[in-house]
Amino acid sequence: VFRQSYGYWEARYKYTAAQGINNSFWAITTNAPGLVTENEQNFELDICEGHYPNKVNTCYHSWYTGERVQHSEQYQSEYDLSAEYHTYALEWNEDELIYYFDGKPIHTKKNENASIPVYPFLSSAVLNWAGNITDDADGTAQIVDYVRIWQRKADADNPEKTMIGEPDPDGKAPDTSAESSTDIVNVSIDEQQVDNQTYPGEIIITAETEGNWQSSTAIQNYDGGAHLWTNEKGARSTYSLKDIPAGTYKVYFWRLPHEYNEKQMNFTLSQDGESSYIGSVALKCDAGAQVEPGWILMSEQTFTGDSEAYIESICNGVNIRATAIKLVPVQ
């Protein structure tokens, strides 16, 4: 009987075409005979608890404290998920649980204790918290096309590490060939200090966005209003420098920390036909942590006065934010 810890877990199926049914792809230690099941190693990974017509529920239950700790999120698709096949997946590693819908990441959670091998389960159940239970469920079914589970390839040059690839929406194994740029500096929340001081001559530039961005008031923007967020790979937030006089400036970004953000946002400066990395801002904080939003200094940059110049951040497929950049002239 198959069981595994970590890796990339994916199932492709159609929901039952009725409310009141929990269409599930999941794994749990306490249902796995013969495994170690002391409290600190009990956990449940709900890759998808789907509710007709379009709700994708992900959840991580753990008992590492002796009591159940639960992290759950809901994603709503634009599709009727009973009409066609869709994929539901989990990238499971030592640090994080990254949940996917049709090959795109939708939620990220900290891995508290999920480390031992478990069995995959597929199930459908009549449950009142999955919707109104009616006779519409008669004769319907959750229809599964496939289940595929991969292990990660080791980095041949660095066998102590693993390569985290991007799942393919067509159902292929993750691509493990790409590596992160060595030019990008890794930063953490603890390493960066909020600086909300007002400086003479400071200039604030709000984000212009390209792609699918959504408005949120979960964390206040620099002006107390809503900010934008996205998890669409390739979506861009751009800060135009067209009216900025030539000179040297300290470049700040208004950070909005959250436990479901990407670990950090990376920024580039484009001017005079060239593009260069100028800094990063850490976003991800521990579950339940209270981390202050505010201005974070990225670097000091010299602008040439190029009217086409801009600062940009591109989403790599995990939750990031578009807020504002502040420029402080260096005297």
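The chain is numbered in sequence order, starting from 1. Everything quoted here is computed from the prediction, not taken from an experiment. Basis for what follows: all heavy atoms, side chains included, without hydrogens, waters or symmetry-related copies.
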Working for side chain to side chain contact (heavy atoms under 4.5 Å, CB included), residues T58 and L90: CA-CA 10 Å; T58 65; L90 171 69; over 6 Å; no
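- Looking at every heavy atom in both residues, V194 comes nearest to P293 through CG1-O, 3.9 Å.
- Exactly one residue among V56, N54, I21, D80 makes a side-chain contact (heavy atoms from CB on, under 4.5 Å) with Y15. That residue is V56.
- Using a 4.5 Å heavy-atom threshold, the side chains of T230 and I320 count as touching.
- Across all their heavy atoms, M265 and S237 have their closest contact at CE-OG, 4.4 Å.
- Looking at Q4, its side chain does come within 3.5 Å of a backbone N or O of W150 through a donor-acceptor pair.
- Enclosure of atom CD in E308 is not indicated, since only 12 or fewer non-hydrogen atoms of other residues, nucleotides or ligands lie within 6.0 angstrom.
- Taking NE2 of H71 as the start and OG of S62 as the end, the distance is 5.5 Å to the nearest 0.5 Å.
- Y252 places no side-chain N or O within donor-acceptor distance of the main-chain N or O of V328, the cut-off being under 3.5 Å.
- For the pair Q264 (side chain) and V187 (backbone), a donor-acceptor distance under 3.5 Å is present.
- Ring-plane geometry between F267 and Y239 is classed as tilted, the angle between the planes lying from 30 to 60 degrees on a 0 to 90 degree scale.
- More than 12 heavy atoms of other shown residues, nucleotides or ligands fall within 6.0 angstrom of atom CG in D138.
- V144 and Y52 fall into different hydrophobic clusters, where Ile, Leu, Val, Met, Phe, Trp and Tyr residues are linked whenever their side-chain heavy atoms come under 4.5 Å apart, directly or through other members.
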Side chain to side chain contact (heavy atoms under 4.5 Å, CB included) evaluation trace for L256 with H258: CA-CA 7 Å; L256 294 174; H258 195 283; over 6 Å; no
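- At distances below 3.5 Å, at least one donor-acceptor pair connects side-chain atoms of Y13 with backbone N or O atoms of N23.
- The side-chain contact (heavy atoms from CB on, under 4.5 Å) with F253 is formed by just one residue from the set I325, L297, I311; it is I325.
- Of all heavy-atom pairs between C59 and K109, the closest is CA-CE, 4.4 Å.
- Of the possible polar contacts, one joining the N111 side chain to the N113 backbone as a donor-acceptor pair under 3.5 Å is found.
- In this pair, Y222 and W295 present their aromatic rings tilted. The plane angle is within the 30 to 60° band.
- No more than 12 heavy atoms of other residues, nucleotides or ligands shown are found within 6.0 angstrom of CD on Q193.
- Dense packing is recorded around CD of Q76, with more than 12 heavy atoms of other residues, nucleotides or ligands lying under 6.0 Å away.
- Here I47 contributes atom CD1 and L97 contributes atom CG; the two are 9.5 Å apart, rounded to the nearest 0.5 Å.
- Of all heavy-atom pairs spanning E210 and W213, the tightest one is O-NE1, 3.2 Å.
- A ring-ring contact (aromatic ring centres under 6.0 Å, His included) with Y88 is found for exactly one of F101, Y146, F25, namely F101.
- Proximity of I116 to S5: side-chain heavy atoms (C-beta onward) are nowhere separated by under 4.5 Å.
- A donor atom on one side chain and an acceptor atom on the other are found under 3.5 Å apart for S280 and N266.
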Stepwise side chain to side chain contact (heavy atoms under 4.5 Å, CB included) check, I189 with K284: CA-CA 7 Å; I189 289 283; K284 193 173 182 66; 5.7 Å; no
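- In this structure the side chain of Y79 reaches within 4.5 angstrom of the side chain of H86, judged on heavy atoms.
- You'll find the side chain of S216 reaches within 4.5 Å of the side chain of H227, heavy atoms only.
- With a 6.0 Å radius and a threshold of 12 heavy atoms from other residues, nucleotides or ligands, E274 has its CD atom at or below the threshold.
- Put simply, the side chain of E262 never gets that close to the backbone of N316: no donor and acceptor are under 3.5 Å apart.
- Linking ILVMFWY residues whenever their side-chain heavy atoms come closer than 4.5 Å, directly or via other members, leaves L269 and I314 in distinct clusters.
- Y85 is not connected to Y99 by any chain of hydrophobic side-chain contacts under 4.5 Å among Ile, Leu, Val, Met, Phe, Trp and Tyr, and they are in different clusters.
- Taking 4.5 Å as the limit, every side-chain heavy atom of D46 sits out of range of all side-chain heavy atoms of Y60.
- Side chains of W229 and N261 form no contact here, defined as non-hydrogen atoms less than 4.5 Å apart.
- Distance check: E73 CD to N57 CG gives 10.0 Å after rounding to the nearest 0.5 Å.
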Residue pair L327, I205: steps toward the side chain to side chain contact (heavy atoms under 4.5 Å, CB included) verdict: CA-CA 8 Å; L327 305 179; I205 306 170; 3.8 Å; yes
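- Judged purely by atom type and a 3.5 angstrom limit, T29 uses its side chain to pair as donor or acceptor with the backbone of F43.
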CA sep, side-chain torsions, deciding dist, call: N22, S24, side-chain hydrogen bond (donor to acceptor under 3.5 Å, both in side chains): CA-CA 6 Å; N22 199 42; S24 298; 2.9 Å; yes
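- Residues V118 and A27 come closest through the heavy atom pair CG2-CB, 3.6 Å.
- No donor-acceptor pair closer than 3.5 Å links the side chain of D136 to the backbone N or O of A18.
- By the 30° and 60° cut-offs, the orientation of the rings of Y8 relative to Y100 is perpendicular.
- Under a 3.5 Å cut-off, the side chain of S299 and the backbone N or O of I278 do form a donor-acceptor pair.
- Within the 4.5 Å cutoff, the side chain of R321 has no heavy atoms near those of the N221 side chain.
- Separating the CH2 atom in W26 from the CG atom in L45 is a distance of 11.0 Å, to the nearest 0.5 Å.
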Derivation and outcome, side-chain hydrogen bond (donor to acceptor under 3.5 Å, both in side chains), residues H61 and N42: CA-CA 9 Å; H61 308 268; N42 279 348; over 6 Å; no
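- Between Y75 and H107, the ring planes lie perpendicular to each other; the angle is over 60°, past the 30° to 60° tilted range.
- Judged purely by atom type and a 3.5 angstrom limit, Q192 uses its side chain to pair as donor or acceptor with the backbone of A282.
- I296 CD1 to E191 CD: the interatomic distance, rounded to the nearest 0.5 Å, is 11.5 Å.
- Contact annotation: the side chain of T134 never approaches that of Q19 to less than 4.5 Å [non-hydrogen atoms, C-beta and beyond].
- When every heavy atom of P200 is checked against every heavy atom of P329, the shortest pair comes out as O-CD, 3.9 Å.
- For the atom pair I98 CD1 and N231 CG, the distance stands at 12.0 Å (nearest 0.5 Å).
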